[in-house]
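Data block below; observations after.
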Amino acid sequence: MERKNIGKWVYVILFYAACLIPSVGMLFYHSELAENRTLSEMPVFRTEEGLNWDYFQELQTYVSEHFAFRGELVAADSMIKYKLLQTPCDDQVVIGKEGWLFFGETLADYVGVTMTDSELDQIASKLAEVCDYIERQGKQPLIVIVPNKNQIYPEYMPVRFGGRARQSNLTLLQERLWQGGVPYVDAYRALLEGKAQDEMYLHEDTHWNNTGARLVLNEIYAAYGLTDHYELSGYQIEESHAPDLYAILFPGQEHFEQQRVYDDGKEYRFIGRMHSVDDMMIRMTAEEGNGKSILVYRDSFGRALIPYLGGTFDSATLNRSTPYDLSLVGSTDCDYVLIEIVERNLADLGQIQIP
């Protein structure tokens with residue numbers, strides 16, 4: 001056999017061997033990605049009801065989800081795209097400059113106004129009704145809309161998206177709230193001003209960091225007329241936060257980014273069983289509270305507020321259910337009612353049902 005032909009046969013054998021490794025490897029190596037879905041189970045050819053006519057289709061799905069080294073191959077593909085091409089493996093993530101990541105669902109808000117005047121008017125009117133209802137229950141209402149990260153840090157967005165729009169759903173809605181006398185905290189202004197002193201958002205996560213959360217919380221306390229205040233300095237930097245956007249790019253890979261960790265010496269405890277910071281209902285009480293109580297309707301940005309609210313109030317109740325259950329206003333013994341929501345979910349405010 002000629003040497004040239006031997007080289008061709010070696011190439012063919014190596015090619016087919018590489019193709020067989022993921023399938024044959026399933027016999028001795030098991031690797032799965034940590035995913036936010038349930039993977040398929042090994043199908044059976046015969047069931048209690050008879051032959052499984054979808055067996056081969058189900059087998060194909062099973063093999064595609066469980067072949068050997070799947071996790072490692074997906075991670076390698078993501079890393080190559082991320083490091084060399086600056087391209088995400090998932091369109092939920094926008095790869096920005098200097099290692100900053102942004103949530104893909106916020107792009108529409110970033111490039112311009114997506115709501116009509118009538119939609120914004122309807123939300124503003126709804127919030128006015130909500131605040132009026134809360135006041136009639138003898139409680140003090142307040143609205144805070146947390147801006148998307150790219151509204152505060154447009155300088156780290158890719159140039160292909162252009163600059164941040166001069167107007168947004170958030171700014172237009174807040175104008176309407178101001179004109180209608182609806183009590184709100186301008187978190188957009190506070191965070192824009194605050195970023196000159198320190199970073200306000202996490203680099204590889206959708207959310208603000210603890211400094212950003214404390215800054216806005218101080219604005220909330222001031223709007224309520226409270227003297228409680230959290231210092232923005234004096235923190236320790238710890239690589240303790242598992243970033244959600246990085247996890248989308250590299251599922252199953254353990255990774256932590258820097259978080260600002262404060263030790264305020266304010267103790268609190270949870271009332272009842274608490275499973276995670278994403279529980280639908282969380283109740284807390286401070287060891288040495290301010291004599292006041294608060295009910296908070298919140299989303300995932302409210303996670304960072306939990307220890308600070310817990311350390312401030314005699315009673316703090318946080319609810320994450322959507323649509324908002326305003327019946328809690330009447331059934332909860334509280335002085336204040338806070339409604340917190342991120343900019344990208346503004347449309348949800350129009351779905352609030354008033355009892």
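When every heavy atom of Pro355 is checked against every heavy atom of Leu326, the shortest pair comes out as CD-CB, 3.7 Å. The two residues Lys149 and Leu101 make their nearest non-hydrogen contact at NZ-O, 2.5 Å. Contact record, Glu204 with Gly99: CG-O, 4.0 Å, taken as the closest heavy-atom pair. Closest of all the heavy-atom pairs between Ala242 and Phe256 is N-CD2, 3.8 Å. The two residues Gly104 and Val94 make their nearest non-hydrogen contact at CA-CG2, 4.0 Å. Across Ser240 and Gln259, no two heavy atoms sit closer than the pair OG-CB, 3.9 Å.
Every residue meeting the side chain to side chain contact (heavy atoms under 4.5 Å, CB included) condition with Pro154, not counting sequence neighbours, appears here in chain and number order: Tyr110, Arg164, Lys195. Scanning for side-chain hydrogen bond (donor to acceptor under 3.5 Å, both in side chains) contacts around Thr114 gives Asn169, with sequence neighbours left out. Residues forming a salt bridge (Lys or Arg N to Asp or Glu O under 4.0 Å) with Asp325 (at least two apart in sequence, or on another chain): none. Residues passing the salt bridge (Lys or Arg N to Asp or Glu O under 4.0 Å) test with Asp314, sequence neighbours excluded: none. Residues forming a salt bridge (Lys or Arg N to Asp or Glu O under 4.0 Å) with Asp278 (at least two apart in sequence, or on another chain): Arg303, Arg320. Partners of Ser293 according to the side-chain hydrogen bond (donor to acceptor under 3.5 Å, both in side chains) rule, which considers only residues two or more places apart in sequence or in another chain, are Asp335. Taking Asp263 as the reference, nothing meets the salt bridge (Lys or Arg N to Asp or Glu O under 4.0 Å) condition, with sequence neighbours excluded. The side chain to side chain contact (heavy atoms under 4.5 Å, CB included) check on Glu98 picks up Trp100, Tyr156, with sequence neighbours excluded.
Rounded to the nearest 0.5 angstrom, Tyr262 OH and Glu231 CD are separated by 9.5 Å. Rounding to the nearest 0.5 Å places CG of Leu318 at 10.5 Å from CG of Asp279. Here CG of Asn319 is found 8.5 Å from OG1 of Thr332. Values are rounded to the nearest 0.5 Å. Interatomic distance, OG of Ser315 versus CG of Leu309, reported as 11.0 Å (0.5 Å rounding). Here the straight-line distance linking atom CG of Leu202 with atom CG of Leu245 works out to 9.5 Å at 0.5 Å rounding. The OG1 atom of Thr116 sits 8.0 Å away from the CG atom of Asp121 when rounded to the nearest 0.5 Å.
Sorted by first and then second residue, the ring pair (Phe, Tyr, Trp, His ring centres under 6.0 Å) pairs with a member in residues 163-185 form an empty list; sequence neighbours excluded. Among residues at least two apart or in separate chains, ring pair (Phe, Tyr, Trp, His ring centres under 6.0 Å) pairs with a member in residues 322-343 are Tyr224-Tyr336, Tyr297-Tyr324. Every pair tested for salt bridge (Lys or Arg N to Asp or Glu O under 4.0 Å) that includes a residue from residues 280-296 fails, sequence neighbours excluded, so the list is empty. Evaluation of the salt bridge (Lys or Arg N to Asp or Glu O under 4.0 Å) test over residues 125-138, restricted to residues two or more places apart or in two chains, returns Asp132-Arg136.
In this structure the side chain of Glu175 never reaches within 4.5 angstrom of the side chain of Leu120, judged on heavy atoms. Proximity of Asn290 to Phe313: side-chain heavy atoms (C-beta onward) are separated by under 4.5 Å at one or more points. Residues Val146 and Val216 have side chains not in contact (no heavy-atom distance under 4.5 Å, counting atoms from C-beta outward). Within the 4.5 Å cutoff, the side chain of Tyr201 has no heavy atoms near those of the Glu199 side chain. Between Ile282 and Arg298 the shortest side-chain heavy-atom distance falls below 4.5 Å. In this structure, Met284 and Arg269 have side chains that are not in contact, with every pair of non-hydrogen atoms separated by 4.5 Å or more. Looking only at side-chain heavy atoms (C-beta outward), Met157 and Leu107 come within less than 4.5 Å of each other. With a 4.5 Å cut-off on side-chain heavy atoms, Asn209 and Tyr235 do not count as touching.
With salt bridges taken as basic N to acidic carboxylate O contacts below 4.0 Å, one links Asp117 and Arg176. Salt bridge present: Asp198 and Arg260 bring a charged side-chain N and a carboxylate O closer than 4.0 Å.
Of the candidates Thr312, Thr227, Asp228, Thr312 is the only one forming a side-chain hydrogen bond (donor to acceptor under 3.5 Å, both in side chains) with Tyr221.
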### Query
Between Gln174 and Ile143, does a side chain to side chain contact (heavy atoms under 4.5 Å, CB included) hold up when you go through it step by step?
CA-CA 10 Å; Gln174 287 192 161; Ile143 311 294; over 6 Å; no

### Message
Go through it in stages, so that I can follow the logic: the residues are Phe103 and Val93, the test is side chain to side chain contact (heavy atoms under 4.5 Å, CB included), and I'd like the CA-CA distance, side-chain angles, deciding distance and then a yes or no.
### Response
CA-CA 5 Å; Phe103 193 29; Val93 181; over 6 Å; no

#### Entry: Verdict with supporting geometry, Ile294 and Val337, side chain to side chain contact (heavy atoms under 4.5 Å, CB included)
CA-CA 6 Å; Ile294 189 170; Val337 177; over 6 Å; no

### Message
For Leu217 and Leu305: C-alpha separation, side-chain torsions, deciding distance, then whether side chain to side chain contact (heavy atoms under 4.5 Å, CB included) applies.
### Response
CA-CA 8 Å; Leu217 188 57; Leu305 300 177; 4.2 Å; yes

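In summary, the side chains of Gln151 and Glu343 do present a donor paired with an acceptor at a separation below 3.5 Å, with no hydrogens or angles considered.
Of the possible donor and acceptor atoms, none in the side chain of Asn148 sits under 3.5 Å from a partner among the backbone N and O of Asn150. One N or O on the side chain of Ser331 and one on the backbone of Ser327 form a donor-acceptor pair closer than 3.5 Å. Judged by distance alone, the side chain of Asp244 and the main-chain N or O of Thr206 form a donor-acceptor pair under 3.5 Å. At distances below 3.5 Å, not a single donor-acceptor pair connects side-chain atoms of Glu238 with backbone N or O atoms of Gln258. With hydrogens and angles disregarded, a donor-acceptor distance shorter than 3.5 Å links the side chain of Asp299 to the backbone of Val342.
Tyr308 and Ile271 are assigned to two separate hydrophobic clusters, defined by single-linkage of ILVMFWY side chains at heavy-atom distances under 4.5 Å. Transitive grouping of hydrophobic side chains (ILVMFWY, heavy atoms separated by less than 4.5 Å) brings Met281 and Tyr268 into a common cluster. Trp208 and Val261 fall into different hydrophobic clusters, where Ile, Leu, Val, Met, Phe, Trp and Tyr are joined by side-chain heavy atoms under 4.5 Å apart, directly or via other members. Met280 and Val277 are assigned to two separate hydrophobic clusters, defined by single-linkage of ILVMFWY side chains at heavy-atom distances under 4.5 Å. Linking Ile, Leu, Val, Met, Phe, Trp and Tyr whenever their side-chain heavy atoms come within less than 4.5 Å puts Ile237 and Leu232 in one cluster.
The local environment of CZ in Arg189 is crowded, with over 12 non-hydrogen atoms from other residues, nucleotides or ligands closer than 6.0 Å.
A cation-pi arrangement is present between Lys266 and Tyr230 under the rule of less than 6.0 angstrom and at most 45 degrees off the ring axis.
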